[in-house]
Every structure is written in structure tokens, then in C-alpha cells.
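What follows is a short report on a single structure.
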Amino acid sequence: MNNLCQTLTLQGTVTASRPEQLQCDLLLRSGDTVTLHFGAETTFSVLTNIDGTSHDRVPDVPGQEGSELVRKVARYLRPQDTVFVRAIRFEHAGVVRYDARAVTRMHSEPRRFLFEEPHWWMNQTRQMANAWLDDLFGDSRVYSEDDFSTRYRTHLDFYGGATDDNLQAMPTLARLIYGLSTAYLMTGDHRYRLAAAAGIQFQRSSFRILSPDGQSCLWAYGRRKGVNGTVTLVASENSDDSGAIALYEQIYGLAGLAQYYRITGDPEVLEDLRRTVRTFNTLFLDSKDANAAFPGLDGYFAHLDPVTLRPDSAALGRLQSRKNWNSVGDHIPAYLINLILALDPLPQGADPDVASFLDTCRRMLDRTTRLILEKFPDPDSLYVNERFLADWTPDHQWGWQQDRAVVGHNYKIAWNLTRVAYDQLARGRQEEARRSLQLAERLARAMVSHGSDLVRGGCFDAVERHPTNGQPLEFPWGSVKDFWQQEQAILANLILHGQTGDPEYLDQARAMSAFWNMFFLDRDNQNVFFRVNEDGLPILNGAFANKGQYAVAGYHSFELNYLAHVYTCAYVSPGASFCLYFHPSADSGFRSINVLPDFVKPGSIEIASVTINGRHRANFDPHRFQLPLEPSDLGSDVIVQFRRKS
């Protein structure tokens, strides 16, 4: 091709540097090596976090002579350095040339990646949590249900300001509560815990729909304020779920409740969790015990008719009697793991109803894990099937999905099956753990060449499951990258590195983390961009210019911050330690609190210290993650320091 010039992002490792010639060689993850050329306008920098603070501590090269540009090339581009380069690629008459115009290092010290420093992810959490609270509530430091009722809104503009749409959507609110709870869990800042508590009161008073006997609960989709009052919206308004009660939205309605419950043991929150889970197992579960008219083929239906509360109602149209990844697999990360972490071992002083609920959660974890292993893999594709008819026949004609894969769902399965495998190993269920890890590794390895970007880093969005273009990837729309899918890829690779010790998983995790921290952080507004193009440039049209866009509000980015922090300390950084913060409710009735950070690899971490209400506690077992509590401990701050076991 002649006269071609295009801007291109490259991520790679420097293999040779020739400062005097203003050149270096960059090895890409694709295996290709390109020669970069530098000019007077080339900029050199080091990755910054979301606050934009300079982390440039790269030393000069002793004795290096030459112009300022020569010295910069020598300083910023040394063998084994990992860098991003914004280059202009020229092609003419069979000659290809790369002129570098911006170079960004991922570290100041060799191979010491900034995003593996213990403060990195905590900093993102603080900045994002503060921005959300400031955008919604200004300078307030104490929050009430009324604050959320009058000032919370789902849709915010790019800068965090109000828009014409004053919808208050329950699933988005619940995601924000998750983020605020997680921010407290990581930092101990009471501002976040108080805001989460007020948000929960608002969620319960404004969206909870109890059954006539008070034993079950559904959550309304949202509220919309009008001139003459506020209208409660029971059915979803999202395009994929419009007119139905979507299990996906009900599941994420529990995300904030479950994370807050981990911190506090609040009994009223536990009761709402129990009521909602009971609804899942009576209205959505395909079981003859739940409804004799159902096929009884297991799994959870994805939608209910809001009038009949049945999944098989003809009024649902294309949503009738369908099952999908979200209705089965999303139980695991959204609330099940967090609930089990809070309730297992059974808290001291727990009544039989709590023990029964823990058994229910464990059965659901077993059911959803088994269904993922049995129903989702496709022998004719590297990708899982994602949508099904009632009898588990894969549905490859549904809406936009057709015969297409969402790369992030494959990574999400790999991540969550590894988490479940760790729990299975801890319980002595070796064969089940082997099966979970086998599929997790199969998917994660397949995504290296059939989902990730080996030139720039990060992973792509939707791809054709059976490409017809003769290439490893075929895109139905564009080669874009969404923020939540990068999260799944980072966590899948980090946790699999922890399990296997395979350096390829760590390399993948670093490439994904580098792309996230380079391109998805909105440093001007302390937020994340929902979608970027293949080169990392944010896409800001339509809904993607909305800070409160449906999936953004406080879930995936905070979940990434929390678990990347935990996994890096547990599996990557030698001698690392970290703290988690709890605030057990005085009303819990329990005499202990469970503090295991996640389903982690058995034997990977231990408790280093415990501080309750400012006083160090000496009588704890470093290998037991249930801490006994005295009555005077309730309502106090409990700080638990963990360290990686050598």
C-alpha cells in the first residue's frame, strides 16, 4: 500500500536501544519486532494514576552524552522496559516506518510495575468514591435516606452533572452501594460506609416489593420523578430486557447489600438478601418443586412477565422461557461469593435460619458452577455459548447476540471458576476443583489469541464465534474495548497466575492492567471511560458520554480495584501486606465476624494483626479467618492486616 499513514498504539518490551541513532526495537506480544524512530517533538513520560500525579522517577543514564533528545531516548528506553508508544505508521513502496510521538513507561524502576505497588488500586478507589459522592451530594459528609431520595440520579453527564433524565434506577443504585461499601472495606473511611448505609435505606424504602406473606422480595427497576409526582417502574427499561422483570437486574440489586453485609453483619440487610434469594428459587428457578408447570430442566430463567410473574408468558415475546449467562453465572460474583464469605464459617451466635440460608447459598453456588461446566462450553468453538432455550439448546438467533461471543464473559467464567475452585480445594473437593480449573484455563488460554489485543494490550468486546474472514478474529461491529471486560481479563489472569505460577498469566495480567491504567482512567473527572477504540481513545458519543451509564456506576471499577489489590498482594508482590476494614453492627446478634478477603488459594495469605477500636488484639489465629468478638467490640472499627505467606 502506498502513501498510507495512520496513528497507532503499540505496547511492548524494549529489546534494543540505540540513542545516538534515535531508534529502539520494540517486541510486541504478537511476536513482532518494530523499529521506532524518535524526533524533536516526541514526548516521554511515566504512567500516572487517576489523580494525575507524576510518577516519573526514571534516573538519568550516567555518562550519556549527546543532545537532550539522545539523552531522553537513553533514559526512557532501556532493554526490558515495558512501554506504550503512540506512533505514526507510514507505508510506501514496500517500506514501513514507525515514528514515535509519545512514549509512556509502566515503571520507573526496571520491571517494578506501578500498578503492582500496594497503594495504586487504593488510590483509584478513593478518587472515584470521592468523585461520586461530591457529584451527587456536594460537600456533605453525613448522608441520609432523604439525600438519596432527592439528589441521587442514575444519569449524570460526562462531568458528573445532572441531565434531563432524572431516572433513579435500582440496579445502578445498587452498583454504587457496592462501590461505596468496597471503598470502606479497602480504606476504612467512614464517609463511604455512611453513604452506603443511607443508600441501602433508600433502596429498601423506594424499590422493595414484598410478597403478601412478607417472605419474598422483588426489586422495582426504578423511579422517575415528574411534575405531579414520582412513578415507580417495575419492569425494566433497558433495551435487552424492556418490559420484563430481568433476573440480571435483580441479581445486581443484591451486589451492594451483600458487600455491605460483609462489613457490618446488619440483620435487616441479611433479611432482604434472604427474601430476594427466596424469590430467585421460587419464581425464576426451572424446577418442578418451584412450579409443576415448568420443564424442570434446571437453571434460572432470565425474565418474568411483570403481570403474571411467570417466565413462560407469551407476553414476554423473544424473552419467553430463555436462560442465559447472566441468569446463571452472574449469581456467583454479584452476591453469592460475598454472602458465603460473610456466613461461612457460621458466625458465632447465628440462629438456625442463618445456617439454613448458608446451606441455600452453598447449593446455589454448586448449581450454578455445575451448569456453567455442563451447559456453556461448546465443542465446536473456543468460546462459550451464552444464550439458551428452556431445554438448554443454544440460541444463536437472539437479537444482537446471534452466533457471537462477548470476550469478557469468557474471561469472567475463567475468573469465577478459579475462585470457586479455591473454595472447593479448601473443602477437600479435589475432583470438582480440577474440573473448574480445567475449563478456566481453557478459556483464558483461548482468549490470548482470540480475544486479547496482542499489539496494543487489553481485550476486545464482541466477536463472531465462527469467523468467516480467514482471521483469528472477526468483529460484527467494531474493534472496540469496554471497561468491564478489561476487569474480567485482569482478574482472570491474576488469579490463574496465583493458581499455576505460570508466567504467561502474569504477563497477560500486566498487559491488561497496563492498558486499563493507560487508557480507561478519566483523570480529569476521576471516573472511568466505558468504551475506547482499539488504540485506547475514548468513545464519548451517546450513552458512552454518560458518567452514570448503566454498568459504570460503582461496580466493575471498584471490584477491579479491590480484587486486583488483593490478588496482587497475595500472588504477585513478595512480602506484601494489606488491610481490610469492618464495622460489625451492634444489632447483628453475632459474636464473631468473618474476614477472608475472597475465595483465595488455600494457604496463600494469613492474618498478621488485628486492631479493634484502636487497640491491638493478641489472641487471634493467623490461619483462621473468623474473629471472635466481645460485646464491646460491636459497633467498633475492626482492622485486619493480611500478609502473603512465603
Side-chain angles (χ1 to χ4, degrees), residues 125 128-129 132-133 136-137 143-145 147-149 151-154 167-187 189-209 217-223 246-277 279-280 326 330-343 361 484 487 548-563 580-583 585 598:
T125 293
M128 287 192 288
W132 273 103
L133 292 177
L136 290 169
F137 306 117
Y143 307 94
S144 68
E145 178 184 342
D147 291 326
F148 274 83
S149 179
R151 302 178 71 176
Y152 172 75
R153 53 199 306 135
T154 291
L167 173 70
Q168 296 175 323
M170 182 280 301
T172 317
L173 168 69
R175 284 169 163 86
L176 178 59
I177 295 168
Y178 173 93
L180 294 169
S181 301
T182 301
Y184 173 77
L185 184 63
M186 292 181 72
T187 70
D189 189 325
H190 285 284
R191 182 188 185 197
Y192 311 139
R193 180 178 60 82
L194 295 172
I200 284 175
Q201 291 301 317
F202 175 56
Q203 180 179 344
R204 298 175 72 221
S205 67
S206 299
F207 302 98
R208 187 179 62 184
I209 304 172
C217 166
L218 280 168
W219 299 91
Y221 166 76
R223 302 166 79 233
L247 181 53
Y248 168 70
E249 294 171 352
Q250 300 293 311
I251 285 171
Y252 278 99
L254 298 188
L257 295 173
Q259 190 75 323
Y260 183 81
Y261 183 72
R262 283 186 66 190
I263 297 165
T264 64
D266 186 307
E268 291 188 275
V269 172
L270 179 61
E271 183 62 19
D272 279 335
L273 288 161
R274 283 196 287 193
R275 287 165 167 159
T276 311
V277 168
T279 298
F280 296 165
N326 299 109
D330 267 342
H331 293 272
I332 297 174
Y335 70 90
L336 266 181
I337 286 179
N338 285 330
L339 262 178
I340 292 171
L341 288 168
L343 296 176
C361 292
W484 69 268
E487 179 218 359
Q549 204 274 349
Y550 186 60
V552 173
Y555 181 72
H556 288 291
S557 52
F558 285 85
E559 183 179 59
L560 171 61
N561 292 345
Y562 174 60
L563 290 175
L580 296 182
Y581 299 81
F582 301 86
H583 195 86
S585 169
D598 192 52

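Fair warning: this is a prediction, and the values are worked out from it, not measured in the lab. When a residue number appears, it is its place in the shown sequence, counting from 1.
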Q: Step by step, work out the side chain to side chain donor-acceptor pair (under 3.5 Å) result for Q250 and T279.
A: CA-CA 10 Å; Q250 300 293 311; T279 298; over 6 Å; no

(Q) Using side-chain contact (heavy atoms from CB on, under 4.5 Å), reason through Q203 and W219 one step at a time and then give a plain yes or no. (A) CA-CA 9 Å; Q203 180 179 344; W219 299 91; 3.6 Å; yes

Q: Mind running side-chain contact (heavy atoms from CB on, under 4.5 Å) on L257 and Y178 for me, showing each step along the way?
A: CA-CA 7 Å; L257 295 173; Y178 173 93; over 6 Å; no

Q) Step by step, would you call N338 with L254 a side-chain contact (heavy atoms from CB on, under 4.5 Å)? A) CA-CA 10 Å; N338 285 330; L254 298 188; over 6 Å; no

Q: Could you please spell out the steps behind the side-chain contact (heavy atoms from CB on, under 4.5 Å) verdict for R262 and L341?
A: CA-CA 7 Å; R262 283 186 66 190; L341 288 168; 3.8 Å; yes

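Annotation: the span from I251 atom CD1 to H331 atom NE2 amounts to 3.5 Å, rounded to 0.5 Å. Between the CZ atom in F280 and the CZ atom in R275 there is a gap of 14.0 Å [rounded to 0.5 Å]. Here CG of L180 is found 10.5 Å from CG of L194. Values are rounded to the nearest 0.5 Å. To the nearest 0.5 Å, atom CZ of residue R151 and atom OH of residue Y143 are 9.5 Å apart. With rounding to the nearest 0.5 Å, the separation of CG in D598 from CD1 in I337 is 6.0 Å. Between the CG atom of L185 and the NE2 atom of H583 there is a distance of 13.5 Å, given to the nearest 0.5 Å.
Aromatic rings of Y562 and F558 (six-membered ring for Trp) have centroids beyond the 6.0 Å cut-off, not under it. Between F137 and Y152, a ring centre-to-centre spacing not shorter than 6.0 Å is recorded.
Counting only N and O atoms by type, the side chains of S206 and Q168 include no donor and acceptor under 3.5 Å apart.
The two residues R223 and S149 come nearest to each other via the heavy atoms NH1-OG, 4.1 Å. Counting all heavy atoms, side chain and backbone alike, E249 lies closest to P171 at CB-CG, 3.7 Å. The two atoms that bring Y260 and A197 nearest to each other are OH-CB, 3.4 Å, heavy atoms only. Across all non-hydrogen atoms, the minimal contact from L173 to G199 is CD2-O, 4.2 Å. Here the shortest heavy-atom pairing between S181 and G256 reads OG-O, 4.1 Å. Across every non-hydrogen atom of A220 and M170, the tightest pair is O-CB, 3.2 Å.
Ring-plane geometry between Y252 and H556 is classed as tilted, the angle between the planes lying from 30 to 60 degrees on a 0 to 90 degree scale.
The backbone N or O of A169 lies less than 3.5 Å from a partner atom in the side chain of T154, making a donor-acceptor pair. Side-chain atoms of D272 do not come within 3.5 Å of backbone N or O of V269 as any donor-acceptor pair.
Cation-pi contact between R193 and Y184: present, with separation from the ring centre below 6.0 Å and deviation from the ring axis of at most 45°.
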